[in-house]
K.L.:
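Provided herewith is a single structure, encoded as structure tokens, for subsequent inquiry.
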Protein chains: 2
Amino acid sequence: MENEELVHSLRLLISGLHKSLRKDISESTSLSLTELETISLLYRNDHMLPTELANHTKVSTPSMTQILNKLAERKYIRRKSDPEDKRKVSISLTSTGKKVIENALNNQDNELRGRIESRLTAGEIKTLMKVLPILEKINSL
Amino acid sequence: MENEELVHSLRLLISGLHKSLRKDISESTSLSLTELETISLLYRNDHMLPTELANHTKVSTPSMTQILNKLAERKYIRRKSDPEDKRKVSISLTSTGKKVIENALNNQDNELRGRIESRLTAGEIKTLMKVLPILEKINSL
DNA sequence: CATTATTGTTAGGTAAGCTAATTAGTTGGA
DNA sequence: TCCAACTAATTAGCTTACCTAACAATAATG
């Protein structure tokens with residue numbers, strides 16, 4: 001079995017794609033990948049706790065605090081203390097934050113999207129879609 | 001067309017996988033992803049120039065210099081000045097470096113490999129292999 | 001109640017990258 | 001032929017995106 005080769009190629013790919021993505025996103029939004037991911041989680045979930053966000057984005061809770069501080073400074077999110085359990089802080093997007101993520105999603109100049117649409121055939125894009133759930137299995141937990 | 005969704009999922013995946021990978025590799029080899037990638041390029045190519053390595057790994061040349069310094073300190077690579085063009089430095093792996101990359105490839109405790117083999121069916125692994133060239137198209141240049 | 005657990009934060013550090021400037025060597029045109 | 005422009009690698013110094021350890025506040029549990 002030469003899964004070694006698969007693992008190896010996957011590593012190179014992820015490393016390369018990560019660098020391109022990071023550069024692209026920071027240029028267009030001046031946010032890090034994880035910051036964008038945080039906003040997009042909030043876009044889909046209405047409100048979440050810092051620990052939940054940290055788990056989903058795979059960063060430590062102190063790191064998530066920093067991210068939330070930055071996003072709060074820019075008025076992309078708001079913090080609301082939970083009256084039931086005063087340790088908890090409910091995080092949600094402001095309307096500004098919603099605009100930011102909607103822009104990022106729709107952005108035609110988006111480098112990754114441009115690459116996909118200019119370099120891949122319709123069939124290849126379909127194949128790529130099919131493989132996403134598989135990659136998610138590897139990524140999860 | 002909702003390529004937006006595809007692009008979005010791909011971003012989350014790459015960000016998550018990158019974090020897992022980086023952690024895993026640094027724990028098992030105390031190398032960064034790019035450092036491992038550099039060694040593996042040298043494993044396949046016998047000798048390369050710093051600029052070539054920088055291009056392939058998508059880092060700047062000063063960053064590559066740093067990486068090469070670290071790898072040279074550990075005696076994983078050697079630098080040899082090119083007599084034809086004295087500006088050029090030919091980089092190649094030492095036998096120690098070869099052992100390192102061979103170990104990293106074969107490592108059964110390898111986290112990514114473990115995930116792939118324990119979580120995916122044989123069919124899914126096949127599909128994954130098929131999609132690699134497509135991802136490479138996105139990654140290249 | 002007193003201890004233990006959980007949530008979020010602060011403080012401080014590190015790793016992996018970047019740009020700008022430097023050194024050294026090469027090439028091509030007036 | 002020689003100087004201007006280019007190329008290759010490096011150095012210096014900075015930034016960003018994380019991390020761990022320690023702490024304060026609150027909640028749950030024996």
Side-chain angles (χ1 to χ4, degrees), chain A residues 11 14-27 29-39 47-74 77-92, chain B residues 11 14-27 29-39 47-74 77-92:
Chain A
R11 273 209 283 250
I14 290 165
S15 168
L17 284 170
H18 181 263
K19 277 173 205 151
S20 313
L21 266 182
R22 187 174 54 171
K23 203 183 155 196
D24 171 37
I25 288 169
S26 96
E27 272 166 12
T29 67
S30 64
L31 292 170
S32 74
L33 262 174
T34 309
E35 285 155 2
L36 189 71
E37 192 175 345
T38 301
I39 298 179
H47 64 279
M48 293 177 81
L49 302 176
T51 29
E52 290 173 334
L53 289 165
N55 289 339
H56 278 88
T57 57
K58 294 180 193 294
V59 295
S60 64
T61 42
S63 298
M64 185 46 68
T65 297
Q66 274 180 238
I67 289 170
L68 295 175
N69 285 343
K70 173 169 171 184
L71 298 179
E73 255 172 47
R74 296 202 190 174
I77 59 148
R78 83 177 62 84
R79 287 187 236 232
K80 206 165 65 185
S81 149
D82 181 346
E84 312 274 300
D85 183 340
K86 288 180 188 163
R87 291 169 305 177
K88 293 183 179 172
V89 176
S90 171
I91 311 290
S92 56
Chain B
R11 272 209 284 250
I14 290 164
S15 167
L17 284 171
H18 181 263
K19 278 173 204 149
S20 313
L21 265 184
R22 187 174 53 171
K23 203 182 155 196
D24 171 36
I25 288 169
S26 96
E27 272 166 14
T29 67
S30 65
L31 292 170
S32 75
L33 261 175
T34 308
E35 285 155 3
L36 190 69
E37 192 175 342
T38 301
I39 298 179
H47 65 280
M48 292 176 81
L49 302 177
T51 29
E52 290 172 335
L53 289 165
N55 290 338
H56 278 87
T57 57
K58 293 180 194 294
V59 296
S60 64
T61 41
S63 298
M64 185 46 68
T65 296
Q66 275 179 237
I67 288 169
L68 294 175
N69 285 342
K70 174 169 169 183
L71 297 179
E73 255 172 47
R74 295 202 191 173
I77 59 147
R78 83 175 61 85
R79 287 187 236 230
K80 206 165 64 187
S81 152
D82 180 345
E84 311 275 300
D85 182 340
K86 287 180 189 162
R87 293 168 306 176
K88 294 183 180 171
V89 177
S90 171
I91 312 291
S92 56

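Only heavy atoms go into these numbers, but all of them, side chains included; no hydrogens, no water, no symmetry mates. A note on names: the letters A, B, ... follow the listed sequences, proteins ahead of strands, and every chain is numbered from 1.
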K.L.:
Quick check: on DNA chain D, is the nucleotide nearest Asp82(A) upstream (toward 5') of the one nearest Lys70(A), or the reverse? Name the residue that is more 5'.
P.N.:
Lys70(A)
K.L.:
Would you call Lys80(A) and Ser92(A) a side-chain contact if the rule is heavy atoms closer than 4.5 Å?
P.N.:
no
K.L.:
Under 3.5 Å, which N/O atoms of the protein pair with N/O atoms of nucleotides 5-7 of chain D?
P.N.:
residue, atom, partner, partner atom, Å
dT7(D), O2, Arg87(B), NH1, 3.0

K.L.:
Report yes if a side-chain nitrogen or oxygen of Thr61(A) is closer than 4.0 Å to either non-bridging phosphate oxygen (OP1 or OP2) of dG8(C); otherwise report no.
P.N.:
no
K.L.:
So what does Ser60(A) hit on the nucleic acid, given a heavy-atom distance under 4.0 Å: a base, only sugar-phosphate, or nothing?
P.N.:
base
K.L.:
Could you state the atom-to-atom distance from CD1 of Ile25(B) to P of dC18(D) in whole Å?
P.N.:
17 Å
K.L.:
What integer distance in Å separates Lys23(A):NZ from dA16(C):C1'?
P.N.:
16 Å
K.L.:
Starting at atom CZ of Arg79(B), determine the distance to atom P of dA9(D), rounded to an integer number of angstrom.
P.N.:
10 Å
K.L.:
For the pair made of CG in Leu21(A) and P in dT16(D), what is the distance, rounded to whole Å?
P.N.:
19 Å
K.L.:
With rounding to the nearest 0.5 angstrom, report the CG to OG1 distance, Leu68(B) to Thr61(B).
P.N.:
10.5 Å
K.L.:
What nucleic acid atoms does Leu49(B) come within less than 4.0 Å of, heavy atoms only: base, sugar-phosphate, or nothing?
P.N.:
sugar-phosphate
K.L.:
Which atom pair, heavy atoms only, marks the closest approach of Thr57(B) to Glu37(B)?
P.N.:
CA-OE2, 3.7 Å
K.L.:
Given dC19(D), dT9(C), dG17(C), identify the nucleotide with an atom nearest to the side chain of Thr34(B).
P.N.:
dG17(C)
K.L.:
Using a 4.0 Å heavy-atom cut-off across all strands, classify Glu52(B) as base, sugar-phosphate, or nothing.
P.N.:
nothing
K.L.:
Looking only at the side chains, is there a donor atom on one of Thr34(A) and Lys19(B) sitting less than 3.5 Å from an acceptor on the other?
P.N.:
yes
K.L.:
Closest to the Ser32(A) side chain: dG13(D), dA17(D), dA9(D)?
P.N.:
dA17(D)
K.L.:
Where do Arg79(A) and Asn69(A) land on the side chain to side chain contact (heavy atoms under 4.5 Å, CB included) test, with the steps shown first?
P.N.:
CA-CA 10 Å; Arg79(A) 287 187 236 232; Asn69(A) 285 343; 2.3 Å; yes
K.L.:
Indicate, with a heavy-atom threshold strictly under 4.0 Å, whether Thr65(B) touches base, sugar-phosphate, or nothing.
P.N.:
base
K.L.:
Could you tell me whether Ser26(B) contacts a base, only the sugar-phosphate backbone, or nothing, with contacts defined as non-hydrogen atoms closer than 4.0 Å?
P.N.:
nothing
K.L.:
Kindly write out the residues that satisfy salt bridge (charged side-chain N to carboxylate O under 4.0 Å, His left out) with Lys86(B), not counting sequence neighbours, or none if the list is empty.
P.N.:
none
K.L.:
Rounded to whole Å, please give me the gap between CD in Glu84(B) and C1' in dT26(C).
P.N.:
13 Å
K.L.:
Start with the C-alpha gap between Thr38(B) and Met48(B), add the side-chain angles, then the distance that decides, and say whether side chain to side chain contact (heavy atoms under 4.5 Å, CB included) holds.
P.N.:
CA-CA 10 Å; Thr38(B) 301; Met48(B) 292 176 81; over 6 Å; no
K.L.:
Rounded off to whole Å, could you give me the CG-to-C1' distance for the Leu68(A) and dC18(D) pair?
P.N.:
15 Å
K.L.:
Verify the contact: side-chain N or O of Thr51(A) to OP1 or OP2 of dG8(C), cut-off strictly under 4.0 Å; return yes or no.
P.N.:
yes
K.L.:
Within this structure, what is the CG-to-P distance between Asp85(B) and dG25(C), rounded to whole angstrom?
P.N.:
10 Å
K.L.:
Once you apply a heavy-atom cut-off of 4.0 Å, does Pro62(B) come out as touching a base, just sugar-phosphate, or nothing?
P.N.:
base
K.L.:
Heavy atoms from C-beta onward define the side chain here; which of dA16(C), dC18(C), dT26(D) lies closest to that of Lys86(A)?
P.N.:
dT26(D)
K.L.:
Can you find a side chain N or O atom of Ser63(B) that sits less than 4.0 Å from OP1 or OP2 on dA16(C)?
P.N.:
no
K.L.:
Starting at atom NZ of Lys19(A), determine the distance to atom P of dA16(C), rounded to an integer number of angstrom.
P.N.:
11 Å
K.L.:
Can you see which heavy atom on Ser60(A) is nearest to which on Ser63(A), and at what distance?
P.N.:
OG-OG, 2.9 Å
